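The model shown is predicted, which means the values in this text are computed figures rather than measured ones. Worth knowing before you read on, the calculation uses all heavy atoms, side chains too, and leaves out hydrogens, waters and symmetry mates.
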Amino acid sequence: KLSVPLNEISLYRVCNAVDPDAFDKMIGIHTTPSPFCPVGKNIKPVLNSAYDSIKQDMIESMKRVTLDTMVDDFHHLLNIM
């Protein structure tokens with residue numbers, strides 16, 4: 001049984017509860033580049049800002065999707081079939 005209404009449970013909340021590191025895993029930089037690769041060993045500072053922005057956009061989008069909406073969408077699809 002859920003302790004809060006479906007419209008208060010966002011996709012972000014579910015994802016974060018299941019795996020708090022999920023967003024870093026989805027959008028992250030390879031952590032062990034070859035020290036011999038001039039791109040790999042220098043790319044992290046270049047990509048950090050862009051990846052942080054992408055991650056924030058994804059989180060904000062996931063916060064707008066609620067379980068209530070997903071259940072409604074599911075029921076709508078069932079009625080179409």
Donor-acceptor pairs under 3.5 Å, side chain of residues 34-47 to any protein atom, not counting sequence neighbours: which ones?
from  : atom 1 : to    : atom 2 : distance (Å)
Ser34 : OG     : Phe36 : N      : 3.1
Asn42 : ND2    : Pro38 : O      : 2.7

Cys15 and Met58: CA distance, side-chain angles, deciding distance, side chain to side chain contact (heavy atoms under 4.5 Å, CB included) verdict: CA-CA 12 Å; Cys15 188; Met58 181 179 63; over 6 Å; no

Verify same cluster id: Val65, Phe74 (apolar side-chain graph, 4.5 Å): no

Euclidean distance, Arg64 CZ relative to Thr69 OG1, rounded to 0.5 Å: 11.5 Å

Of all pairs that satisfy salt bridge (Lys or Arg N to Asp or Glu O under 4.0 Å), the ones with a partner from residues 14-39, not counting sequence neighbours: Asp19-Lys25, Asp24-Lys55

Nearest heavy atoms of Ile9 and Val4, plus distance in Å: CG1-CG2, 3.4 Å

Met70 atom CE, over 12 foreign heavy atoms within 6.0 Å: no

Approximate separation, where rounding is to 0.5 Å, of Leu67 CG and Leu11 CG: 7.5 Å

Donor-acceptor contact below 3.5 Å, side chain Ser61 vs main chain Asp57: yes

Met26 side, atom CE; Ile59 side, atom CD1 - distance, nearest 0.5 Å: 8.5 Å

Rounded distance (nearest 0.5 Å) linking atom CE of Met62 with atom OH of Tyr12: 9.0 Å

In one Ile/Leu/Val/Met/Phe/Trp/Tyr side-chain cluster, 4.5 Å: Val71, Leu2: yes

Shared hydrophobic cluster, Leu6 / Leu77 (ILVMFWY, side-chain heavy atoms < 4.5 Å): no

